[in-house]
Amino acid sequence: MAAERKVVVLISGSGTNLQALIDAQNTPTLPNTRISLVFSNRKAAYGLTRAAQADPPIPTAYLALQPYLKANPGKTRADYDAEVARVVLREDPDLIILAGWMHILGEGFLELVDGIKPLREGEAPRKPVPVINLHPALPGAFDGANAIERAFEAFQKGEISSSGAMMHRVVKDVDRGEPLIVREVPIIKGEPIEAFEERLHKVEHEIIVQAAAKVLDEVKPLQT
Ligand SMILES: Nc1nc2c(c(=O)[nH]1)N[C@@H](CN(C=O)c1ccc(C(=O)N[C@@H](CCC(=O)O)C(=O)O)cc1)CN2
Ligand SMILES: NCC(=O)N[C@@H]1O[C@H](COP(=O)([O-])[O-])[C@@H](O)[C@H]1O
């Protein structure tokens, strides 16, 4: 029996991309794969409900930056990022997916997840855990937040003829990691942004599963 592949998903919102991953678990598109934790930095994120309502239910965790800093005077954003990494790494995941996770992760997170920094003194060296992110734009086009709205506005100004979505590896520089899957999504003259968004989200739900399968097959291929 092939070893199960474990995934941790980080969210901040509605979780429709998380839902696509939940639905794909142990299907031909994402075989022998289980989401072992959904982590949110927003208490009201509906994605937490999606995880709780999954069958079987998926454990969840919540930790937001500002409440963390208030509860831990003297701690920094880097300490918060390290705490997020510790909670995530406790799952011993094969893959970490940012699915609408709206917090820029600094070295505090990346050094632990990459295995550069030990979780505890004397720890044996750990292999890096791949981190991938869903971004609703084409490589190098609209890095950062609000990419959908910015792309739509650029189209209205005649600056672009289409946009798209991508899955990419996560590095320190936001949205600058190696693209894994890139899909162009046309914008139709005169359409409302909602119509464009609907087409784009459909593509997102496909590429997030495809990218998860691609990276999991790199790190923990299914034994034939
Ligand atoms: N080190 C990295 N961290 C993150 C990446 C990345 O590529 N490298 N991707 C982002 C996801 N993202 C775009 O795809 C993105 C999300 C949020 C922001 C942002 O400006 N966040 C602000 C807070 C905004 C808010 O709380 O609403 C911030 O973190 O201060 C930019 C890009 C996820 N992380
Ligand atoms: N820069 C990151 C970013 O903008 N991510 C975007 O957040 C949404 C999450 O939707 P969901 O919560 O329904 O999955 C998605 O559209 C995703 O591209």
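Remember, it's 1-based here, ligands and their atoms both numbered in the order they're listed.
- In this structure, the side chain of Asn133 does not engage the main chain of His168 through any donor-acceptor pair within 3.5 Å.
- Side-chain contact check for Glu206 versus Gln210: some heavy-atom pair is nearer than 4.5 Å.
- Remark: side-chain polar atoms of Gln19 are not paired, donor with acceptor, to backbone N or O of Gly15 under 3.5 angstrom.
- With respect to atom 13 (O) of ligand 2, the closest heavy atom belonging to the protein is Thr16 OG1, 2.6 Å.
- Under a 4.0 Å criterion applied to the non-hydrogen atoms of Gly144, ligand 2 contributes the atoms 1 (N).
- Atom CD of Glu107 sits in a crowded spot, with more than 12 heavy atoms from other residues, nucleotides or ligands closer than 6.0 Å.
- No donor-acceptor distance shorter than 3.5 angstrom exists from the side chain of Lys75 to the backbone of Tyr68, with no hydrogens or angles considered.
- The shortest N/O to N/O separation between Trp101 and ligand 2 does not fall below 3.5 Å.
- In this model, no donor atom of one side chain and acceptor atom of the other lie less than 3.5 Å apart for Thr16 and Ser14.
- Under the 3.5 Å distance criterion, the side-chain polar atoms of Arg176 are left unmatched by any main-chain donor or acceptor of Pro139.
- At the top of the distance list for atom 10 (O) of ligand 2, counting protein heavy atoms only, stands Asn17 ND2, 3.6 Å.
- For ligand 2, the atoms closer than 4.0 angstrom to any heavy atom of Ser14 are 12 (O), 13 (O).
- Atoms of ligand 2 found under 4.0 Å from any heavy atom of His201, numbered from 1 in the order shown, are 16 (O).
- Using a 4.5 Å heavy-atom threshold, the side chains of Ile96 and Pro130 count as separate.
- Under a 4.0 angstrom heavy-atom cut-off, Gly15 registers as being in contact with ligand 2.
- Where the criterion is an N or O separation shorter than 3.5 Å, residue side chain and backbone included, Gly13 fails it with respect to ligand 2.
- The protein non-hydrogen atom at the shortest distance from atom 18 (O) of ligand 2 is Glu204 OE2, 2.3 Å.
- Judged by distance alone, with hydrogens and angles left aside, the side-chain atoms of Ser12 form a donor-acceptor pair with the main-chain N or O of Met102 at under 3.5 Å.
- Using a 4.0 Å heavy-atom cutoff, Ala45 is absent from the residues neighbouring ligand 2.
- Not a single donor-acceptor pair under 3.5 Å links the side chain of Asn41 to the backbone N or O of Leu63.
- Scanning the protein heavy atoms around atom 8 (C) of ligand 2, the nearest turns out to be Gly100 CA, 4.2 Å.
- Panel note: side chain Gln25, backbone Ile35; a donor-acceptor pair is recorded below 3.5 Å.
- Near ligand 1, residues Arg42, Arg77, Leu98, Trp101, Met102, His103, Ile104, Leu105, Asn133, Leu134, His135, Gly144, Ala145, His168, Val170, Val171, Lys172, Val174, Asp175 each place a heavy atom inside the 4.0 Å sphere around the ligand atoms.
- Shown here is Lys117, whose NZ atom has no more than 12 heavy atoms of other residues, nucleotides or ligands within 6.0 Å.
- Summary of contacts: the protein heavy atom closest to atom 2 (C) of ligand 2 is Met102 SD, 3.7 Å.
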